[in-house]
There are 2 protein chains.
Amino acid sequence: MRADAQRNRERIIEVARAIFREQGYDASLDLVAKQAGVGAGTLYRHFPNRESLVDAVMQVWVDRVNDTAGKAMAREGAPRDVLVGWFADYVALISLHKGGPAKLTCAMGDETSPIRTKCQVLSEAMRTVLSDLEDDLVVPVDALQACRLVGGVATVADQADLDAEAVRPMLEVVADGFLARG
Amino acid sequence: MRADAQRNRERIIEVARAIFREQGYDASLDLVAKQAGVGAGTLYRHFPNRESLVDAVMQVWVDRVNDTAGKAMAREGAPRDVLVGWFADYVALISLHKGGPAKLTCAMGDETSPIRTKCQVLSEAMRTVLSDLEDDLVVPVDALQACRLVGGVATVADQADLDAEAVRPMLEVVADGFLARG
DNA sequence: GAACAATACGGAGACTGTCTCCGTTTAGCA
DNA sequence: TGCTAAACGGAGACAGTCTCCGTATTGTTC
């Protein structure tokens with residue numbers, strides 16, 4: 001690939017990331033092209049559709065997920081505190097872009113979604129955290145189900161513009177639900 | 001209002017209901033007008049924007065909410081079963097239209113939403129059901145928070161096309177979270 | 001039943017966003 | 001420096017939104 005093509009591609013991703021954060025994944029791609037200083041044809045040659053641009057934008061996010069998950073697994077304390085803390089990290093991770101929680105949670109269970117492979121780092125992280133807490137969970141918890149529950153909270157929070165303080169009590173309910181079951 | 005205008009208005013609502021159920025609230029209003037057999041100008045004169053049409057479509061839904069809530073409050077059995085049963089009813093109610101869970105849950109906490117007054121029948125119903133279970137809840141539960149938690153589950157289920165069987169375990173976690181807290 | 005006025009209708013058009021096509025431009029190599 | 005392949009970009013076809021205004025129809029009065 002030519003150097004100018006590489007620059008354009010990176011520029012488009014950078015601008016898309018900023019616009020997706022503010023306006024969500026439905027933001028105008030013409031606008032992204034314009035703010036990236038390229039033609040619409042250029043954007044569509046690099047990214048044949050919206051999903052492929054979203055996927056490209058997520059690469060940096062994947063790295064961050066792996067980092068945060070690593071830290072969560074190193075966390076110590078009462079199982080409830082560990083779980084609520086991880087859930088709060090999880091919500092923060094998927095809420096980087098407006099509409100992110102809904103899209104990522106949906107992609108997770110969708111075999112056909114182009115961003116599913118990238119979302120798998122999340123469900124893997126959830127599975128690992130839950131495995132570490134296995135002794136405190138009365139019944140084994142399906143990671144996908146946990147992702148959906150916490151993802152649902154994140155989705156509502158995203159759409160209602162709730163801050164972390166407003167979200168935490170709901171994460172506590174979910175954590176209590178997992179820990180107290182039997 | 002003239003009789004022909006009344007007929008057109010009712011026809012638009014009826015067609016909108018069917019289309020919103022299948023395609024969600026973002027469905028083309030031009031298509032709604034076309035299938036209702038009226039001009040776009042006619043649709044926009046009756047409903048100046050999408051929200052006002054959605055609000056009109058919801059009137060029948062409001063009646064159904066009141067009915068279902070009445071039955072839930074009459075329900076007897078173990079607190080867990082009552083709560084899970086009501087949550088399942090709640091999910092079914094807000095999932096009548098594609099995108100309904102997200103939209104209704106969001107509107108509930110939004111002072112400026114044109115459909116908020118209609119959503120209040122839901123949060124009132126939630127408040128009443130939770131009040132009846134007060135002795136079993138270790139701490140009083142905010143109805144809006146409960147609506148958001150269950151609404152989050154419904155939103156994820158709606159977007160992933162999950163059936164009631166797949167949703168129920170998640171509602172049980174939420175119910176357990178509320179009942180076992182302390 | 002006809003006339004008339006007020007109310008309602010409807011679809012073309014301006015506008016935005018999507019996405020493709022193809023003439024033009026440029027990078028990079030020999 | 002010249003040439004070729006790769007990349008660019010924006011006009012245009014298309015769909016959807018929403019308004020405007022000429023046309024149609026309803027309903028009332030005589």
Side-chain angles (χ1 to χ4, degrees), chain A residues 1-58 97-100 102-103 106-107 112-115, chain B residues 1-58 97-100 102-103 106-107 112-115:
Chain A
M1 186 189 278
R2 268 164 45 174
D4 60 334
Q6 186 61 38
R7 272 197 308 281
N8 279 342
R9 188 176 191 283
E10 287 166 7
R11 180 67 185 148
I12 291 167
I13 291 175
E14 177 192 325
V15 167
R17 176 174 299 121
I19 291 181
F20 285 164
R21 172 174 297 130
E22 302 268 309
Q23 303 181 26
Y25 297 115
D26 297 330
S28 165
L29 297 193
D30 275 8
L31 175 69
V32 171
K34 196 161 291 173
Q35 291 207 0
V38 301
T42 302
L43 186 148
Y44 281 95
R45 204 185 34 266
H46 284 290
F47 306 100
N49 52 44
R50 188 180 292 272
E51 284 297 306
S52 52
L53 179 53
V54 169
D55 189 69
V57 163
M58 284 177 63
H97 301 126
K98 187 88 176 158
K103 194 170 186 77
C106 187
T112 65
S113 174
I115 58 172
Chain B
M1 186 190 275
R2 267 163 50 175
D4 61 332
Q6 186 64 35
R7 272 197 307 282
N8 278 341
R9 187 175 191 282
E10 287 166 6
R11 179 67 185 147
I12 292 167
I13 292 176
E14 177 191 326
V15 166
R17 176 174 298 124
I19 291 181
F20 286 164
R21 172 174 296 133
E22 302 270 307
Q23 304 182 24
Y25 297 116
D26 296 330
S28 164
L29 296 191
D30 276 9
L31 175 70
V32 171
K34 198 161 289 175
Q35 291 206 2
V38 302
T42 301
L43 186 147
Y44 281 96
R45 203 183 36 266
H46 283 291
F47 306 100
N49 52 46
R50 186 178 295 271
E51 284 297 307
S52 53
L53 178 54
V54 169
D55 189 69
V57 162
M58 283 177 64
H97 301 125
K98 188 91 179 150
K103 194 170 186 74
C106 188
T112 64
S113 174
I115 59 173

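Here is the naming used below: chain letters follow the sequence lines, and residue numbers restart at 1 for every chain. Keep in mind that this is a model prediction, so the values were computed, not measured. Just so it is clear, the values below take in all heavy atoms, side chains as well, and ignore hydrogens, waters and symmetry mates.
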Heavy atom of residues 15-28 of chain B under 4.0 Å from DNA chain D: which residues?
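Heavy-atom cutoff 4.0 Å gives B/A27, B/S28.
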ring-ring contact (aromatic ring centres under 6.0 Å, His included) with A/F47: which residues, sequence neighbours excluded?
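ring-ring contact (aromatic ring centres under 6.0 Å, His included) check on A/F47 returns nothing, list empty.
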Taking only residues two or more places apart in sequence, or in another chain, which ones meet B/Y44 in a ring-ring contact (aromatic ring centres under 6.0 Å, His included)?
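Applying ring-ring contact (aromatic ring centres under 6.0 Å, His included) to B/Y44 gives none.
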To the nearest Å, how far apart are [X] [atom1] and [N] [atom2]?
| X | N | atom1 | atom2 | result |
| --- | --- | --- | --- | --- |
| A/Q6 | C/dT26 | CD | P | 20 Å |
| B/K34 | C/dA12 | NZ | C1' | 13 Å |
| B/R9 | C/dT7 | CZ | P | 18 Å |
| B/L43 | D/dG16 | CG | P | 14 Å |
| A/N8 | D/dG10 | CG | P | 12 Å |

Heavy-atom closest pair, residues [X] and [Y]:
| X | Y | value |
| --- | --- | --- |
| A/V15 | A/A36 | CG2-CA, 3.9 Å |
| B/K103 | B/V54 | CE-CG1, 4.0 Å |
| B/I12 | B/H46 | CD1-CD2, 4.1 Å |
| B/L43 | B/L29 | CD1-O, 3.5 Å |
| A/A107 | A/S113 | CB-OG, 3.4 Å |

Do any side-chain atoms of residues 3-11 of chain B form donor-acceptor pairs under 3.5 angstrom with protein atoms, and if so which ones, sequence neighbours left out?
| residue | atom | partner | partner atom | Å |
| --- | --- | --- | --- | --- |
| B/D4 | OD1 | B/R2 | NE | 3.0 |
| B/D4 | OD2 | B/R2 | NH2 | 2.8 |
| B/Q6 | NE2 | B/E10 | OE2 | 2.8 |
| B/R11 | NH1 | B/E14 | OE2 | 3.0 |
| B/R11 | NH2 | B/Q35 | O | 3.4 |

Are there any protein N/O atoms within less than 3.5 Å of an N/O atom in nucleotides 28-30 of chain C, and if so, which ones and at what distance?
| residue | atom | partner | partner atom | Å |
| --- | --- | --- | --- | --- |
| C/dG28 | OP1 | A/A3 | N | 2.8 |

Residues 18-26 of chain A, side-chain donor-acceptor partners within the protein, below 3.5 Å, at least two apart:
| residue | atom | partner | partner atom | Å |
| --- | --- | --- | --- | --- |
| A/Y25 | OH | A/H97 | ND1 | 2.9 |

Check nucleotides 18-22 of chain D for protein N or O atoms closer than 3.5 Å to its own N or O atoms and list the pairs.
| residue | atom | partner | partner atom | Å |
| --- | --- | --- | --- | --- |
| D/dC18 | OP2 | B/Y44 | OH | 3.3 |

According to side chain to side chain donor-acceptor pair (under 3.5 Å), who are the partners of B/S28, at least two apart in sequence or on a separate chain?
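Side chain to side chain donor-acceptor pair (under 3.5 Å) list for B/S28, sorted by chain: empty.
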Just checking, is any N or O donor in the side chain of A/D55 or A/S52 under 3.5 Å from an acceptor N or O on the other one?
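No, A/S52 and A/D55 have no side-chain donor paired with an acceptor closer than 3.5 Å.
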